[in-house]
Amino acid sequence: MATSFLKTTPNVFQRHQNPFAFVANSISARTSVPISQKRRSRSFALVSMSATPVETSLVKSPPSSQNTGIPIMVNACTGKMGKAVINAGEAAGLNVVPVSFGCDEESGQTFEIGGKEFLVHGPSDRESALVSALERYPNLIVVDYTVPNAVNGNAELYCKVGVPFVIGTTGGDRDLLHKTVEDSKNYAVISPQMGKQVVAFLAAMEIMAEQFPGAFSGYSLQVLESHQASKVDASGTAKAVISCFNKLGVSFDMDQIKLIRDPRQQLEMVGVPEEHLSGHAFHMYHLTSPDDTVSFEFQHNVCGRSIYAEGTVDAVLFLAKKIEAKDEKRLYNMIDVLREGNMR
């Protein structure tokens with residue numbers, strides 16, 4: 001899918017004097033002073049990364065004329081990310097095999113996704129299903145978008161059977177996850193953030209933090225993030241950015257993140273399009289100098305899931321090349337994928 005996911009857009013919070021105050025005090029959106037009026041006396045810098053609804057809507061493209069033939073097994077195929085990866089994989093010419101892992105309630109059932117029927121296997125027959133799939137598709141790569149409490153168990157199974165995998169599921173014991181891969185010498189790409197452009201932004205933040213420690217000493221930080229109501233925990237991406245700001249000299253605890261999960265606030269205060277209330281990731285980081293004369297904002301907004309699905313497909317293609325080359329390194333992340341270049 002040849003689309004640009006990065007575009008500088010007007011600040012979605014401009015309609016309100018202070019979105020953080022809106023959350024804390026439940027101020028009506030209609031009575032707030034425009035943010036532009038408040039900031040005329042300040043030096044101000046805005047870095048905005050926004051994926052528009054049009055750009056991230058997953059339009060099914062015709063299959064690639066260069067079918068890679070790489071077989072992938074998408075676990076949790078009935079989930080929103082699973083479906084997005086299936087569509088993106090098919091569009092890129094990958095061979096999405098009609099088998100998947102699912103929950104007990106789905107076990108033994110067949111689901112039609114993207115015009116193909118998928119047989120879902122429950123927890124009790126995961127291993128036999130995976131072994132059978134690997135025998136039929138020797139170059140199989142698994143894509144995992146299951147649930148946090150299944151991360152470590154699934155990874156152990158993939159490594160036991162010897163199936164390379166790409167895992168975008170968050171949660172679980174991440175140290176144990178990495179150790180499982182390293183001990184087994186299995187190939188894997190592990191990243192809780194698969195959006196290539198967001199990962200690039202995080203990498204840039206890490207470089208800045210390493211090269212200019214303490215550059216923002218004394219600055220105060222406010223962090224607001226909005227996700228669909230089903231996401232109960234704070235964003236891992238937000239936590240990674242905050243860690244960089246900590247290295248830059250900013251004092252901020254993770255429990256200070258303001259989580260927006262109420263659909264009304266997301267519509268009126270954050271500016272999330274109604275059609276993307278069930279799938280979005282809006283983040284804003286606001287820095288203010290000690291004397292309140294300088295402020296910076298870093299903002300990245302994503303509507304839909306195609307940015308993550310496209311990044312997942314690139315991770316699969318990257319991993320297949322590493323396997324073919326018999327690369328000595330076995331465990332990778334999305335930074336490795338970005339550094340490789342040649343992404344679609």
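No experiment lies behind these values; they were computed from the predicted model shown.
Between the side chain of Lys116 and the main chain of Val96, a donor-acceptor pair closer than 3.5 Å is present. One N or O on the side chain of Ser289 and one on the backbone of Thr293 form a donor-acceptor pair closer than 3.5 Å. In this structure a side-chain-to-backbone donor-acceptor pair under 3.5 Å is present from Glu106 to Cys103. Side-chain N or O atoms of Gln265 include none that pairs as donor or acceptor with a backbone N or O of Val270 at under 3.5 Å. The main-chain N or O of Cys77 is found under 3.5 Å from a side-chain atom of Ser100 such that the two form a donor-acceptor pair. With hydrogens and angles disregarded, a donor-acceptor distance shorter than 3.5 Å links the side chain of Thr180 to the backbone of Leu176. Remark: the backbone N or O of Ile260 is paired with a side-chain donor or acceptor of Gln266 at under 3.5 angstrom. A donor-acceptor pair is defined here as one N or O able to donate and one able to accept, closer than 3.5 Å; such a pair exists between the side chain of Thr169 and the backbone of Thr146. Between the side chain of Asn152 and the backbone N or O of Gly172, no donor-acceptor pair lies under 3.5 Å.
Met73 is listed as a side-chain neighbour of Val97, based on a closest heavy-atom distance under 4.5 Å.
With sequence neighbours left out, the ring pair (Phe, Tyr, Trp, His ring centres under 6.0 Å) criterion links Tyr158 to Phe165. Among residues two or more places apart in sequence or in another chain, the side chain to side chain donor-acceptor pair (under 3.5 Å) test is passed with Ser251 by none. Contacts of Phe216 classified as ring pair (Phe, Tyr, Trp, His ring centres under 6.0 Å), with partners at least two apart in sequence or in another chain: Tyr219, Phe296. Every residue was checked against the ring pair (Phe, Tyr, Trp, His ring centres under 6.0 Å) condition with Phe111, not counting sequence neighbours, and none meets it.
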side-chain contact (heavy atoms from CB on, under 4.5 Å), that's the test. Do Glu225 and Leu259 meet it? Break it down for me. CA-CA 5 Å; Glu225 61 96 321; Leu259 309 182; 3.2 Å; yes

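Considering all non-hydrogen atoms of both residues, Val151 and Thr170 come closest at CG2-O, 3.7 Å.
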Side-chain atoms of residues 198-212: list all donor-acceptor pairs with protein atoms under 3.5 Å, sequence neighbours left out, distances to 0.1 Å.
none

Name every donor-acceptor pair, under 3.5 Å, that has one atom in a side chain of residues 230-237 and the other anywhere in the protein, sequence neighbours excluded.
from: Lys231; atom 1: NZ; to: Asp233; atom 2: OD1; distance (Å): 3.2
from: Ser235; atom 1: OG; to: Thr237; atom 2: N; distance (Å): 3.1
from: Ser235; atom 1: OG; to: Ala238; atom 2: N; distance (Å): 3.1
from: Ser235; atom 1: OG; to: His283; atom 2: NE2; distance (Å): 2.9
from: Thr237; atom 1: OG1; to: Gln193; atom 2: NE2; distance (Å): 2.9

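The CZ atom of Arg330 lies 3.5 Å from the OH atom of Tyr187; values are rounded to the nearest 0.5 Å.
Ring centroids of Phe252 and Phe245 are separated by 6.0 Å or more, keeping the two rings apart.
Salt-bridge formation is not detected for the pair Lys322/Asp336: no Lys NZ or Arg NE/NH1/NH2 atom is positioned less than 4.0 Å from an Asp or Glu carboxylate oxygen.
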